[in-house]
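Remember, it's 1-based here, ligands and their atoms both numbered in the order they're listed. Not measured: the values here are computed from a predicted model. These numbers come from the heavy atoms of this one structure, side chains and all, not from hydrogens, waters or symmetry mates.
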Amino acid sequence: MKVIRSHDPKALGTMAGKAAAALIRDTIREKGTANIILATGTSQFETIHQLIREDIDWSKVNMFHLDEYIALPETHPASFRKYLKERFLEKVPPLKNAYLVNGETDPEAECSRLGKLIQDHPIDVALVGIGENGHLAFNDPPADFETTRPYLVVALDAACRRQQMNEGWFASEEEVPGKAISMSVHQIMLSKHIICSVPGIRKATAVKNSLEQPVSNLYPASILQQHADCVFYLDEESASALS
Ligand SMILES: N[C@@H]1[C@@H](O)[C@H](O)[C@@H](COP(=O)(O)O)O[C@@H]1O
């Protein structure tokens, strides 16, 4: 695992977006197509902002995303589908496929549908973030490191729900859905390249635990220490607790 520090969140996002774009272009050159995972949330603003400015043949790209709330309408400001449509899909030419997680249908059937699709599209490049509680996608601690199912129905813990409220996505903690569909830790780890963008002081403890604690499902993102090609992009604030 590699760590790249930049002076501010904007520079961090620019570097992460450029790195992702280079990997996507290389993959298309080698294989003809590229399969990617995008993350959502505040931490991805600058990374995605850079990605949409890159010269990429998007018609050769298949996209998956990490997670979505169950039973949250797509019109809600916190909907991850809405986020990806408005910040990414509407800003680039049409992709080959964009496999969005639908949280408004039968969740187990949706997990199976997406699971089959992603198993047919081995992931080349995954953009991920981590939560204040160290979660990867919506795999809150203690995360399930054992399951090999690609997508899971998960319960969101209090820390995760509080973070979503504090970031302004919801007016109150009670309004945050209690459940979500999440890509599993196992599936994320199958990605060939992982780019983890983590700006901001609120993530300093989670970053320290993820990078400096022994790998443990109590710090879900600590599993990234075992990935063959994962790069953490940090700013001064998110790196401030590192030894
Ligand atoms: N479940 C989402 C993830 O998709 C995201 O990558 C991560 C970081 O979130 P944020 O960027 O809002 O801090 O946790 C969110 O809650």
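- Using a 4.0 Å cut-off between a side-chain N of Lys or Arg and a carboxylate O of Asp or Glu, Glu173 and Arg162 qualify as a salt bridge.
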Taking distance alone, no hydrogens or angles, what donor-acceptor pairs closer than 3.5 Å link side-chain atoms of residues 113-125 to residues at least two apart or in another chain?
unit_1	atom_1	unit_2	atom_2	d
Arg113	NE	Glu110	OE1	2.9
Arg113	NH2	Leu100	O	3.2
Arg113	NH2	Glu110	OE2	2.8
His121	ND1	Leu117	O	2.7
Asp124	OD1	Lys31	NZ	2.7
Asp124	OD2	Lys31	NZ	3.2
Asp124	OD2	Asn35	N	2.8

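- When the shell of 6.0 Å around NZ of Lys179 is examined, it contains 12 or fewer heavy atoms from other residues, nucleotides or ligands.
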Side chains of residues 188-195: which donor-acceptor pairs under 3.5 Å do they make with residues two or more places apart or in other chains?
unit_1	atom_1	unit_2	atom_2	d
Ser191	OG	Ile188	O	2.7
His193	ND1	Asp229	OD2	2.4

Dump the pairs for me: ligand 1 N or O, protein N or O, distance under 3.5 Å, to 0.1 Å.
unit_1	atom_1	unit_2	atom_2	d
ligand 1	1 (N)	Asp67	OD2	2.6
ligand 1	1 (N)	Ala137	O	3.4
ligand 1	4 (O)	Asp67	OD1	3.1
ligand 1	4 (O)	Asp67	OD2	3.2
ligand 1	11 (O)	Thr42	N	3.2
ligand 1	11 (O)	Ser43	N	2.8
ligand 1	11 (O)	Ser43	OG	2.5
ligand 1	12 (O)	Thr42	N	3.1
ligand 1	12 (O)	Glu167	OE1	2.7
ligand 1	12 (O)	Glu167	OE2	3.1
ligand 1	13 (O)	Gln163	NE2	2.9
ligand 1	13 (O)	Glu167	OE2	2.9
ligand 1	13 (O)	Lys203	NZ	2.5
ligand 1	14 (O)	His135	NE2	2.7
ligand 1	16 (O)	His135	NE2	3.3
ligand 1	16 (O)	Gln164	NE2	2.7

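- Cys160 approaches Asn133 most closely through the heavy-atom pair CB-ND2, 3.8 Å.
- With sequence neighbours left out, Glu74 forms a salt bridge (Lys or Arg N to Asp or Glu O under 4.0 Å) with Arg81, Lys85.
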